[in-house]
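Only this structure's heavy atoms are used, side chains among them; waters, hydrogens and symmetry mates stay out. In the text below, chain A, chain B and the rest are named by the order of the sequence lines, each starting its count at 1.
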There are 2 protein chains.
Amino acid sequence: MPPVDRQSLKAKFVEFLGAKDLRMTCQREAILDAIFATEEHFTAEQLLDWSRRIDPSVSRATVYRTLPLLTECGLLREMDFGKDHKFYDPNYATHPNHSHIICQDCERIVEFESDKIVKLEDEISSRLGFKVRSQKLQITASCQELHSRGACANKRC
Amino acid sequence: MPPVDRQSLKAKFVEFLGAKDLRMTCQREAILDAIFATEEHFTAEQLLDWSRRIDPSVSRATVYRTLPLLTECGLLREMDFGKDHKFYDPNYATHPNHSHIICQDCERIVEFESDKIVKLEDEISSRLGFKVRSQKLQITASCQELHSRGACANKRC
DNA sequence: GTGGGTGCAAAGTGTTTGCAAGTGT
DNA sequence: ACACTTGCAAACACTTTGCACCCAC
């Protein structure tokens with residue numbers, strides 16, 4: 001992600017905080033920087049680890065207290081992949097309508113965007129009396145490559 | 001749900017159990033009957049409550065041990081609506097491709113099915129090298145009726 | 001009879017919170 | 001100065017598990 005985006009997202013968060021009479025702190029800044037450094041989905045514990053490398057004073061409690069703020073601000077999205085802990089998706093800020101394919105064979109998670117699906121969702125929702133605010137689509141799939149060749153980029157049979 | 005469906009679903013579960021060298025028991029049967037009696041999404045705790053009305057000997061542990069079996073068998077589906085506990089959807093057995101609209105205003109959850117969306121998902125997945133096994137689509141929306149009239153079937157402003 | 005099943009209560013796990021001290025505005 | 005914030009550790013809530021007894025096949 002280019003620095004210019006990073007700056008504008010940081011500004012967005014500061015503005016969001018200000019509107020709620022909340023403050024930007026060193027710890028929140030470290031957490032923000034940790035998030036900007038990845039495009040992968042991550043857990044709270046991973047974020048704590050990364051944040052502490054930037055600022056060792058960041059505590060688990062602060063990470064857990066900050067995550068809902070980042071989510072509400074639209075910088076992160078909570079994801080449930082059926083595991084016991086939540087995952088957070090940092091690509092939501094720049095691609096709010098992307099979806100996920102989770103491969104049950106090779107455990108890859110692939111992201112994609114489809115205007116056609118978004119349009120259909122709008123149509124269907126409207127017909128039912130709703131206006132779409134956000135959407136979350138997860139496709140569980142199996143890997144064609146793995147099944148036809150016995151191996152894929154991620155895994156062998 | 002008509003009794004005939006109920007019987008065939010019960011048979012499906014018994015067959016599923018048999019294939020794993022597992023057995024049908026009174027407790028599992030009570031849990032199954034409790035599930036057949038609802039079309040609403042429910043929690044583990046609710047299911048325990050309902051099951052105990054059919055057979056008071058059902059324990060919390062058995063409910064928690066049986067839920068993954070029912071999910072794997074395809075009779076239930078785990079749903080995450082952002083709450084701290086999981087919800088289970090009993091309509092999955094008869095409508096495996098249905099989706100959810102969750103209204104952030106009036107808190108309704110509406111189910112719908114769309115062949116067009118399913119077809120698009122297949123196309124996109126195939127293009128990316130995957131074969132769809134299941135899909136989970138949640139649309140978060142706001143209620144048009146509530147916003148335009150100041151009230152809807154579920155809630156007033 | 002044997003291997004799976006059960007209830008109970010204790011343990012586990014990710015997340016939240018009360019508190020006293022610290023800090024941004 | 002006054003709120004908002006923090007780290008720490010205890011508390012939480014949901015879920016899982018060890019164990020001794022029970023029961024379906």
For this session: Write down the distance between CG (A:Leu48) and C1' (C:dT16), rounded to a whole number of angstrom.
Result: 15 Å
For this session: Each residue besides B:Ile54 in its hydrophobic cluster should be listed here, by chain and number; the cluster joins Ile, Leu, Val, Met, Phe, Trp and Tyr at side-chain heavy-atom distances under 4.5 Å.
Result: none
Exercise. Excluding sequence neighbours, so at least two apart, what forms salt bridge (Lys or Arg N to Asp or Glu O under 4.0 Å) with A:Lys119?
Worked result: A:Glu123
Under 3.5 Å between N/O atoms: give me all the protein pairs with nucleotides 15-22 of chain D, atom names plus distance.
residue: D:dT15; atom: OP2; partner: B:Tyr64; partner atom: OH; Å: 2.4

Exercise. Taking only residues two or more places apart in sequence or in another chain, which ones pass ring-ring contact (aromatic ring centres under 6.0 Å, His included) with B:His41?
Worked result: B:Phe81, B:His100
Problem set entry | A:Asp122 bridged to A:Lys131 by N-O distance under 4.0 Å | no
Exercise. Hey, does the side chain of B:Arg28 come within less than 4.0 Å of C:dT6's phosphate (OP1/OP2), counting only N and O?
Worked result: yes
Problem set entry | Rounded distance in Å - CZ (B:Phe81) to P (D:dC14) | 17 Å
Exercise. Cluster partners of B:Ile124, using ILVMFWY side-chain heavy atoms under 4.5 angstrom, listed by chain and number?
Worked result: A:Ile101, A:Val110, A:Phe112, A:Ile117, A:Leu120, A:Ile124, A:Leu128, A:Phe130, A:Val132, A:Leu137, A:Ile139, B:Ile101, B:Val110, B:Phe112, B:Ile117, B:Leu120, B:Leu128, B:Phe130, B:Val132, B:Leu137, B:Ile139
Problem set entry | By side-chain hydrogen bond (donor to acceptor under 3.5 Å, both in side chains) - contacts of B:Lys20 (at least two apart) | B:Glu72
Exercise. Is a salt bridge present between A:Lys10 and A:Asp33, judged by a nitrogen-to-oxygen distance below 4.0 Å?
Worked result: yes
Exercise. What is the distance, rounded to the nearest whole Å, between atom CZ of B:Phe87 and atom P of D:dC14?
Worked result: 10 Å
Exercise. Using a side-chain heavy atom cutoff under 4.5 Å and only I, L, V, M, F, W and Y, what cluster partners does A:Val118 have?
Worked result: none
Problem set entry | Interatomic distance where CG belongs to B:Asp80 and P belongs to C:dG14 [whole Å] | 16 Å
Problem set entry | By side-chain contact (heavy atoms from CB on, under 4.5 Å) - contacts of B:Ala37 (at least two apart) | none
For this session: Whole angstrom is fine here: how far is it from CG in A:Leu69 over to P in C:dT16?
Result: 12 Å
Problem set entry | Distance in angstrom units between A:Lys20 NZ and D:dT5 C1', rounded | 16 Å
For this session: Scan nucleotides 20-25 of chain C nucleotide by nucleotide, 5' to 3', and note B when protein non-hydrogen atoms come under 4.0 Å of the base, S if they reach only the sugar-phosphate, - if neither.
Result: ----BS
Exercise. What's the CD-C1' distance between A:Gln27 and D:dC4, to the nearest Å?
Worked result: 12 Å
Problem set entry | Strand contacts (DNA chain C) in residues 70-79 of chain A, 4.0 angstrom heavy-atom criterion | none
Exercise. Who are the ring-ring contact (aromatic ring centres under 6.0 Å, His included) partners of A:His85, not counting sequence neighbours?
Worked result: A:Phe87
Exercise. C:dG5 P sits how many Å from B:Leu17 CG, rounded?
Worked result: 8 Å
Exercise. Got a sec, which residues hit side-chain hydrogen bond (donor to acceptor under 3.5 Å, both in side chains) with A:Thr62, two or more places apart in sequence or on another chain?
Worked result: A:Ser59
